[in-house]
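Just so it is clear, the model here is predicted, and its values are computed rather than measured.
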Amino acid sequence: MTAILAGSSRYLIGPWYATTYTYYLPDGYIDLKGTDERAVRLPAMAAVAAAAALVTGTYDPRTLSVPNATVRTRNLIRTLAARHRATNTNSTTRWGGTWQSALWAYYTALAGWLLTDHLDAVTHGHLAAMLAWEADRLATGNAVHLVGTAGNQLYMTRRDGTVVTPGDSKAEEDNWSAAALSLAAVMLPGHPNVTRWARRNVELLLAAAACPADLTGTATINGIRLSSWLQGTNIADDGTLQNHSRLHPLYMVSFDQSLYQGFVYGLANRAAPRAALHNITRTYRALVNKPFPLPSGGTSPIYRPNSAEIYYPEGNDWGTHFPFYFGSFDLLVSLTGQDAGISPSAATWEQRHNDAQLALMTRFSDGRTYGASSENTYYGREHRIGAMAAQTYLTLFLARNSTGNRLRWE
């Protein structure tokens, strides 16, 4: 994990930053070159990777010194926060209030929280305003839409079995919305809406992992009775889910965002809500033990036996090389004990998958992971590795290097 975070952050704050941002604008900020996902999410993920590496002593200064890396990371944070619509009235340069912007705000605010000692009062104010604005936007609703974002639904399938968004689980979207709410609740503890944010965080965590069995069960988690509150489902009872019109393993491991709440609350020395663990074991068992038909005959689980290879029963439309997506999830599952009764253990899979990730990185001298575009077609592929590495590393750091295990759930 140290090698993965060190390499990824070195690449992002070094060569990638240098070729992407070459001058300051008249107002002293860097030019984000837009307000869409490419313009905002990518630098936010890079900032998380660099900030986590810098504050934990993991950063590799071979390419760029620690002081210069800190300046660049600060530039990303202060610019992103200053351009959010909560702090920016210019309609052509502001971002926020869109389908995915809660996730971008989460990354930006997390990087700022980690690097807080290097930020000025203006940036602190911008970060707080940005995060509170996005959290308030997400704080109500259940059955159909999140407030103010027509089309952004909490469930793929309603209680009565009606499929609202065929082939498109809302698990990932609920998870990233919950992430912003969780960070707001711990980063801004004196805000008047903090209780509402904390409650909504729990609701979205439960909605993200809801399965049909929850609708008729007796479970109550963090004060919420699932059978009466849930208005739909996002995963099947066997732990699988649909996205991009297929059974999609890459979106099954998107529950990493739920498990990151352990370190978010842990950084504040608080217990994370138990709702973040809901149905993780169910989903992980589907990855490791559930057999799927092979085109050539026979069956195989998604995790190919004694191998780092991943089997995609209905194909993978994102490319061919994703070991760290699974390796980071394996480690989170292991650290949170959600692989009980599953064999091989999550620790076994973590080593296989993350060894494969390191093998990809050893092909290059600058810390990046990918070569040919076919390996991972997402334009933010290096940034995605960096953001996952940062958050998984912070989870491991709190579990191993603090006074006692600060990963607590209640």
Side-chain angles (χ1 to χ4, degrees), residues 1-17 41-64 66 69 72-73 76-77 103 106-108 110-111 113-115 176 179 250 253-264 266-267 308 321-336 346-347 349-370 375-376 378 380-401 407:
M1 282 305 307
T2 298
I4 294 168
L5 177 58
S8 180
S9 59
R10 178 165 64 92
Y11 170 76
L12 292 169
I13 209 64
W16 177 79
Y17 183 105
R41 180 178 177 179
L42 271 57
M45 290 192 288
V48 167
L54 287 165
V55 301
T56 59
T58 308
Y59 179 72
D60 181 348
R62 281 182 295 164
T63 302
L64 186 72
V66 167
R72 287 185 177 183
T73 307
L76 294 176
I77 295 166
L103 179 63
Y106 164 81
Y107 286 139
T108 304
L110 175 59
W113 198 29
L114 294 171
L115 215 65
W176 74 50
L250 283 180
V253 296
S254 70
F255 284 110
D256 60 354
Q257 195 71 65
S258 294
L259 297 181
Y260 292 146
Q261 295 212 4
F263 88 77
V264 170
L267 286 173
H321 289 60
F322 297 87
F324 188 58
Y325 286 57
F326 297 93
S328 60
F329 189 61
D330 297 330
L331 181 52
L332 294 166
V333 168
S334 180
L335 290 172
T336 55
W349 291 111
E350 182 268 331
Q351 183 169 351
R352 289 173 183 162
H353 294 145
N354 285 342
D355 280 351
Q357 165 65 20
L358 288 172
L360 292 178
M361 297 179 79
T362 57
R363 301 178 299 169
F364 310 101
S365 61
D366 57 8
R368 60 195 166 100
T369 296
Y370 290 108
E375 292 179 353
N376 183 336
Y378 177 43
R381 58 190 188 168
E382 298 293 347
H383 310 73
R384 184 81 173 95
I385 295 293
M388 288 190 297
Q391 294 171 96
T392 305
Y393 186 91
L394 288 169
T395 306
L396 181 61
F397 189 92
L398 287 185
R400 300 276 177 85
N401 296 311
L407 299 180

Over all heavy atoms of both residues, which pair between [X] and [Y] is shortest? Give the atoms and the distance, please.
X	Y	result
M361	G367	CE-O, 3.1 Å
Y106	A179	CD1-O, 3.4 Å
Y59	V66	CD2-CG2, 3.8 Å
A51	T73	N-CG2, 4.0 Å
P15	T63	CD-CG2, 4.2 Å
R363	Y370	NH2-CA, 3.9 Å

| field | Those residues that, when tested against D256, pass salt bridge (Lys or Arg N to Asp or Glu O under 4.0 Å) (two or more places apart) | value |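 By the salt bridge (Lys or Arg N to Asp or Glu O under 4.0 Å) rule, D256 matches no residue at all.
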Can any side-chain N or O of [X] pair as donor or acceptor with the backbone N or O of [Y] at less than 3.5 Å?
X	Y	answer
R352	W349	no
S8	I4	no
R72	I13	yes
T395	Q391	yes

| Verdict with reasoning, W16 to D366, per side chain to side chain contact (heavy atoms under 4.5 Å, CB included) | CA-CA 10 Å; W16 177 79; D366 57 8; over 6 Å; no
What's the spacing between [X] [atom1] and [Y] [atom2] if we round to 0.5 Å?
X	Y	atom1	atom2	result
M1	Q357	CE	CD	9.0 Å
L407	R400	CG	CZ	10.0 Å
F263	L396	CZ	CG	12.5 Å
Y260	W176	OH	CH2	14.0 Å
L76	T108	CG	OG1	9.0 Å
H383	R41	NE2	CZ	11.0 Å

Without placing hydrogens or testing angles, list every side-chain donor-acceptor pair under 3.5 Å for residues 322-333, not counting sequence neighbours.
from, atom 1, to, atom 2, distance (Å)
Y325, OH, N376, ND2, 3.3
S328, OG, F324, O, 2.8
S328, OG, Y325, O, 3.4
D330, OD1, Y284, OH, 2.8
D330, OD1, Y303, OH, 2.7
D330, OD2, E350, N, 3.4
D330, OD2, H353, ND1, 2.6

Are the side chains of [X] and [Y] in touch, meaning some heavy atoms are under 4.5 Å apart?
X	Y	answer
L394	L398	no
L114	L267	yes
T369	E382	yes

| query | Is it true that the side chains of T56 and Y393 contain a donor and an acceptor less than 3.5 Å apart? | reply | no
